[in-house]
Amino acid sequence: MPIHASVLDLIGNTPVVKAQHLDTGPCELYFKLESQNPGGSIKDRIGLKMIEAAEARGDIKPGDTLVEGTAGNTGLGLALVAQQKGYKLVLVVPDKMSREKIFNLKAMGAQVVLTRSDVAKGHPDYYQDLAERLARETPGAYFINQFGNPDNPAAHEHGTGPEILAQMAEVGGLDAIVFGCGSSGTMTGLSRHFAIHSPHTELILADPVGSILEDYINRGELVEKSASWMVEGIGEDFLPSISDFSRVKKAYAISDKESFLTARELLEKEGILGGSSTGTQLAAALRYCREQTEPKKVLVLVCDTGNKYLSKMYNDYWMLDNGFIEREQHGDLRDLILRPFSQRDTVVVGPKDLLVTAYQRMKLYDVSQLPVMEGDQLVGIVDESDVLLHVYGDEARFRDPVSTAMVSKLDKIDVGQPIESLLPVFDRGHVAIIADGEKFLGLITRIDLLNYLRRRVE
């Protein structure tokens with residue numbers, strides 16, 4: 001293999017893998033692993049193209065400030081290129097973006113401005129409008145504007161499209177391709193290339209439930225109001241100015257739940273760790289494949305890596321919190337316990353463990369209190385305030401055993417009590433300890449109750 005002069009040389013030429021274990025009906029399904037780009041997503045392609053095209057026109061030079069609004073991966077692609085080429089980068093991102101993406105962006109030197117994800121285009125806090133305003137108000141800044149930048153689809157028309165057709169020619173061609181649409185650059189660029197070089201290839205859109213695009217493709221209706229969705233990077237509440245949907249044959253609306261569970265199935269069955277939008281696109285691809293009566297060769301884009309979503313859709317507790325996976329229901333307070341002790345999900349500490357151990361477990365698992373267990377017997381509770389009050393003024397006390405700081409007088413709530421019995425406990429600032437007789441079942445916190453009530457509404 002060649003030695004490359006820069007990480008930017010690794011953008012593109014991503015592999016294609018055939019599905020082996022998924023139910024694809026009569027079709028052959030192939031995955032284009034855009035997750036193998038150095039920045040982890042298909043957006044590396046447009047990050048490079050939009051910056052290099054602006055350089056060629058003389059619009060920017062190293063040292064300048066670039067500004068963009070992004071749901072995540074375009075920002076990572078731009079950050080990768082800006083870092084290598086010597087640009088300052090300011091990114092406005094909606095607050096539903098995964099923590100991994102934000103940490104990644106900051107680690108590469110980008111300035112991240114968080115804004116609301118619950119407002120539509122035209123609102124001053126909408127991420128694209130806010131980015132445009134920041135660019136306008138920052139002296140000498142250049143607004144990338146992926147949603148209106150023709151270099152975005154050009155990256156796919158002249159790069160991704162030819163690459164896909166050359167790869168699929170090895171297996172006899174491409175009958176259909178499934179993709180998502182955010183800025184619409186991928187869809188528009190591929191559509192233009194396939195119109196000339198593979199006109200028989202069907203273009204299939206995967207759209208999150210709540211986006212306006214599925215209605216527009218399937219029924220010709222351009223609704224003015226969208227709903228919210230949790231999948232990142234695809235779906236829209238307007239038609240980007242660079243978009244061309246004229247050759248898109250069909251669209252599938254995919255719920256957040258189906259998207260996340262399908263992405264997890266992809267990892268479980270094919271060993272491919274894809275992001276949230278990959279789940280949406282795979283779910284649509286599987287629906288399409290199973291509807292066919294004749295064999296077809298279908299390709300779906302694995303747009304980014306699931307490494308950016310480990311705290312979300314690959315986190316069982318996050319999935320449980322949001323109602324995307326279900327536990328057995330009991331009709332009592334067990335239904336509110338996120339980490340049941342009987343399943344060894346509860347994070348615990350022993351009375352002889354050191355307080356520094358308790359502190360480290362709280363930090364690692366993002367909890368503020370721990371049951372203190374001797375075997376299967378609950379002997380106390382230790383929380384952040386207990387540790388703080390014990391060690392304040394003498395940090396050496398972090399080496400004291402947990403038993404010196406824990407609360408051992410415990411008010412337990414029987415599992416058969418009504419939900420209302422939790423409220424006085426929370427009002428006192430405590431966590432609810434749920435028991436069945438002498439048997440400890442788990443803890444219920446305020447956020448556990450809030451999540452339970454929200455799921456009931458949904």
Spell out, as yes or no, whether a donor-acceptor pair under 3.5 Å connects the side chain of [X] to the backbone of [Y].
| X | Y | answer |
| --- | --- | --- |
| Asp383 | Ser385 | yes |
| Arg344 | Phe341 | yes |
| Arg45 | Ala155 | no |
| Asp9 | Ala5 | yes |
| Glu270 | Leu22 | yes |
| Thr138 | Leu134 | yes |
| Gln377 | Glu438 | no |
| Asp332 | Arg334 | yes |
| Asp353 | Thr357 | no |

(request) For side-chain contact (heavy atoms from CB on, under 4.5 Å), just list the numbers for Ile144 and Val67, CA-CA rounded to whole Å, side-chain angles, deciding distance to a tenth of an Å, and then say yes or no. (result) CA-CA 6 Å; Ile144 295 288; Val67 181; over 6 Å; no

Heavy-atom check, side chain of [X] versus side chain of [Y], under 4.5 Å:
| X | Y | result |
| --- | --- | --- |
| Val113 | Leu91 | no |
| Met230 | Asn322 | yes |
| Arg264 | Leu267 | no |
| Asp64 | Tyr142 | no |
| Leu370 | Met362 | yes |

Would you say [Y] and [X] are linked by a side-chain donor-acceptor pair, where the criterion is simply a distance under 3.5 Å?
| X | Y | result |
| --- | --- | --- |
| Asn152 | Ser183 | yes |
| Ser35 | Thr305 | no |
| Asn315 | Ser311 | no |
| Lys269 | Gln20 | no |
| Gln146 | Asn149 | no |
| Lys352 | Ser403 | no |
| His430 | Asp411 | no |
| Ser368 | Glu384 | no |
| Asp448 | Thr445 | yes |
| Glu28 | Tyr30 | yes |

Is it the case that over 12 heavy atoms from other parts of the model lie below 6.0 angstrom from the [atom1] atom of [X]?
| X | atom1 | answer |
| --- | --- | --- |
| Arg290 | CZ | yes |
| Lys412 | NZ | yes |
| Arg327 | CZ | yes |
| Asp366 | CG | no |

Rounded distance [0.5 Å steps], [atom1] in [X] versus [atom2] in [Y]:
| X | Y | atom1 | atom2 | answer |
| --- | --- | --- | --- | --- |
| Leu320 | Asn451 | CG | CG | 10.0 Å |
| Asp207 | Asn218 | CG | CG | 9.5 Å |
| Lys18 | Lys297 | NZ | NZ | 8.0 Å |
| Ile42 | Thr278 | CD1 | OG1 | 9.5 Å |

(message) Applying the side-chain contact (heavy atoms from CB on, under 4.5 Å) criterion to Ser259, which one of Ile234, Leu282, Ile254 satisfies it?
(response) Ile254

(request) Start with the C-alpha distance between Ser211 and Glu236, add both sets of side-chain angles, then the distance that settles side-chain hydrogen bond (donor to acceptor under 3.5 Å, both in side chains), and finish with yes or no. (result) CA-CA 5 Å; Ser211 168; Glu236 271 306 341; over 6 Å; no

(request) Show your reasoning for whether salt bridge (charged side-chain N to carboxylate O under 4.0 Å, His left out) applies to Asp436 and Lys439. (result) CA-CA 5 Å; Asp436 185 4; Lys439 183 179 180 183; over 6 Å; no

(request) Check the pair Arg455 / Glu326 against salt bridge (charged side-chain N to carboxylate O under 4.0 Å, His left out), numbers first and verdict last. (result) CA-CA 11 Å; Arg455 290 195 298 270; Glu326 303 291 341; 5.8 Å; no

(request) Could you check Val431 against Val425 for side-chain contact (heavy atoms from CB on, under 4.5 Å), going step by step and ending with a plain yes or no? (result) CA-CA 7 Å; Val431 62; Val425 177; over 6 Å; no

Can [X] be said to sit on top of [Y]'s aromatic six-ring, NZ or CZ under 6.0 Å from centre and within 45° of the ring axis?
| X | Y | answer |
| --- | --- | --- |
| Lys121 | Tyr126 | no |
| Arg339 | Tyr317 | yes |
| Arg428 | Phe426 | no |

(request) Check whether the ring centres of Tyr309 and Tyr314 lie less than 6.0 Å apart, and answer yes or no. (result) no

(message) Parallel, tilted or perpendicular: which one describes the rings of Phe260 and Phe324, with boundaries at 30° and 60°?
(response)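 Ring orientation, 0 to 90° scale: perpendicular.
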
(message) Go through it in stages, so that I can follow the logic: the residues are Lys43 and Glu34, the test is salt bridge (charged side-chain N to carboxylate O under 4.0 Å, His left out), and I'd like the CA-CA distance, side-chain angles, deciding distance and then a yes or no.
(response) CA-CA 9 Å; Lys43 299 296 188 178; Glu34 290 298 297; over 6 Å; no

(message) Salt bridge or not between Glu291 and Lys250? Use side-chain N to carboxylate O under 4.0 Å.
(response)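 The answer is yes: the pair qualifies as a salt bridge.
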
(request) Using the side-chain contact (heavy atoms from CB on, under 4.5 Å) rule, take Ile164 and Leu299 through it: C-alpha gap first, then chi angles, then the decisive distance, then the call. (result) CA-CA 9 Å; Ile164 288 172; Leu299 183 137; 4.3 Å; yes

(message) Between Phe31 and Val16, does the side-chain contact (heavy atoms from CB on, under 4.5 Å) criterion hold? Intermediate values first, please.
(response) CA-CA 5 Å; Phe31 303 105; Val16 172; over 6 Å; no

(message) I need the single residue from Lys308, Lys101, Lys96 that forms a side-chain hydrogen bond (donor to acceptor under 3.5 Å, both in side chains) with Glu232. Which is it?
(response)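 For Glu232, the side-chain hydrogen bond (donor to acceptor under 3.5 Å, both in side chains) check succeeds only for Lys101.
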
(request) Just do the side-chain hydrogen bond (donor to acceptor under 3.5 Å, both in side chains) check on Gln281 and Tyr252 with the steps written out, would you? (result) CA-CA 9 Å; Gln281 292 168 77; Tyr252 293 88; over 6 Å; no

